[in-house]
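Here's the structure, in structure tokens; my notes come after.
Keep in mind the model is a prediction, meaning the values are calculated, not measured. Order of appearance sets the numbers: ligands from 1, and atoms from 1 within every ligand.
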Amino acid sequence: MILLTLESSADEGAVCIAKVDPKKPLHFDLLSHKIFSQIDIHKEYGGIFPNLAKREHAKTLPLLLAEALTESSLFKELKHDREMDVDDEDWLERHFEKEPELYNTMKLFFLSVKKPNIDAIGVTRGPGLTPALWVSINIAKALSRFWEIPLYGLHHMEGHIYAGLLKEEGHGYKIAQINYPGLALLISGGHTEIVRMLPDMTYQIIGETKDDAVGEAFDKSARSLGLPYPGGPLISKYAEEARNELLTVPEHLTLPRPMLHTKDYNFSFSGLKTSVATKIEKIKKDGDIDDTTLKTICLEVENAITEVLVKKVGRAIFETGARSLTVGGGVIANSNIRNSLKALCEDLDVELHVPTVKNSTDNALMIMASFIARIENKNSTSNDTSWKALGTWKLSELNNWPKGD
Ligand code: KG4
Ligand code: ZN
């Protein structure tokens with residue numbers, strides 16, 4: 001069985017093609033994975049502009065699709081362009097009403113490219129920026145209609161969880177099965193959640209942020225420091241340098257550890273961001289921020305965030321009796337957070353699943369992993385593809401996904 005997944009929930013557009021041997025469920029060969037990051041385009045605006053992201057996805061996703069099909073030896077041009085009947089042409093025009101450039105590209109694609117040997121398509125339905133999400137959703141719906149194969153709308157954060165469960169094996173991956181009771185910690189640019197992972201791919205959110213997500217706390221603190229978007233990786237780099245130089249944090253640069261001692265599993269990061277901004281304003285009154293101060297603030301931001309995450313998730317593991325922790329979301333690319341969670345899980349004798357650094361940020365391989373797990377879990381799809389992109393979509397809403405048999 002050959003599967004295709006598409007992802008465009010924020011500023012990364014990605015396409016993945018994989019082959020699953022039905023005799024070896026939860027294993028797959030990776031045929032191709034293509035990602036285009038728009039970071040350089042959004043950098044000058046200091047964040048993601050949804051409509052700009054949409055326009056860029058509309059330009060790049062068809063190219064990524066063609067590249068992925070070519071790399072998988074599935075791209076075959078027709079000897080003679082086929083004709084498109086009026087109904088199909090009408091449908092395509094209406095379908096891409098809001099993305100006219102995609103109408104032309106996809107029409108040409110269907111007229112000149114042979115239907116590849118692909119059995120099903122999975123696309124990120126949400127959560128994310130809806131203008132960006134719609135691009136890959138509309139491409140996926142058109143492919144599903146013209147190739148007459150089923151389409152599944154998948155959950156971006158479940159994808160991040162499954163990124164952590166991917167273990168390299170041969171030409172592809174194995175999807176690990178967790179020890180129950182299981183917990184997931186999700187830390188991305190838009191989400192901060194502690195989730196109980198229950199059997200049959202169901203979830204219970206037991207803690208979440210009251211305001212900013214942890215990735216936002218990194219990015220907004222970085223912005224106050226004059227660092228370009230996305231600031232997380234840069235804060236991490238300077239914090240590492242501060243550690244190597246054995247810098248210590250003086251009293252006047254210490255930051256709060258929001259909600260560290262509250263008896264719940266919730267988070268709040270907006271106070272941290274404000275505190276960074278206030279301190280920087282004060283320093284700037286006396287002149288520019290020097291290198292040492294910059295690195296020290298980065299160290300303190302990273303330490304404060306790490307401490308809160310480790311404390312809250314540690315308590316959640318203890319109180320729920322969890323035997324595994326799976327971590328997902330772009331922020332787990334951060335090595336201090338990775339190392340601290342590793343030490344925590346060793347202390348508590350809990351199995352830890354984290355993605356590779358490369359698979360931590362948005363990609364279509366993680367969506368593939370969750371897609372294969374959903375198929376293995378016999379979650380059904382219907383022929384009705386009139387569903388919409390979902391800007392917000394709680395993981396626990398997946399619990400009602402109908403079983404196929
Ligand atoms: O999961 P992701 O790629 O996109 C969302 O779904 O939001 O996460 C992006 C977030 C950004 O806020 C980025 O600054 C953060 O992940 N990030 C990091 C690091 N690498 C990416 N934060 C801290 N340290 C890093 N090394
Ligand atoms: Zn993400």
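Checked by atom type, the side-chain pair His156/Ser9 shows a donor-acceptor distance below 3.5 Å.
Between Gly189 and Glu216, the shortest heavy-atom distance links the atoms O-CG, 3.7 Å. Counting all heavy atoms, side chain and backbone alike, Ile317 lies closest to Leu183 at N-CD1, 3.6 Å.
The immediate protein surroundings of ligand 1, defined as residues with any heavy atom under 4.0 Å of it, consist of His156, His160, Ser188, Gly189, Gly190, Gly215, Phe218, Asp219, Pro230, Gly232, Pro233, Ser236, Gly329, Gly330, Val331, Ala333, Asn334, Thr361, Asp362.
Listed by first and then second residue, the side chain to side chain donor-acceptor pair (under 3.5 Å) pairs involving residues 177-187 are Asn179-Glu351 (not counting sequence neighbours).
No more than 12 heavy atoms of other residues, nucleotides or ligands sit less than 6.0 Å from atom CZ of Phe49.
Salt bridge Asp264/Lys312: present, at least one basic N to carboxylate O contact under 4.0 Å.
Residues that satisfy the side chain to side chain contact (heavy atoms under 4.5 Å, CB included) test with Lys76, not counting sequence neighbours, are Lys114.
Between atom CD1 of residue Ile305 and atom CG of residue Leu255 there is a gap of 9.0 Å, rounded to the nearest 0.5 Å.
Excluding waters, the set of protein N, O or S atoms lying under 2.8 Å from the Zn ion (ligand 2) comprises His156 NE2, His160 NE2, Asp362 OD1.
For Lys141 and Trp387, the positive end sits near the middle of the six-membered ring, less than 6.0 Å away and at most 45° from its axis.
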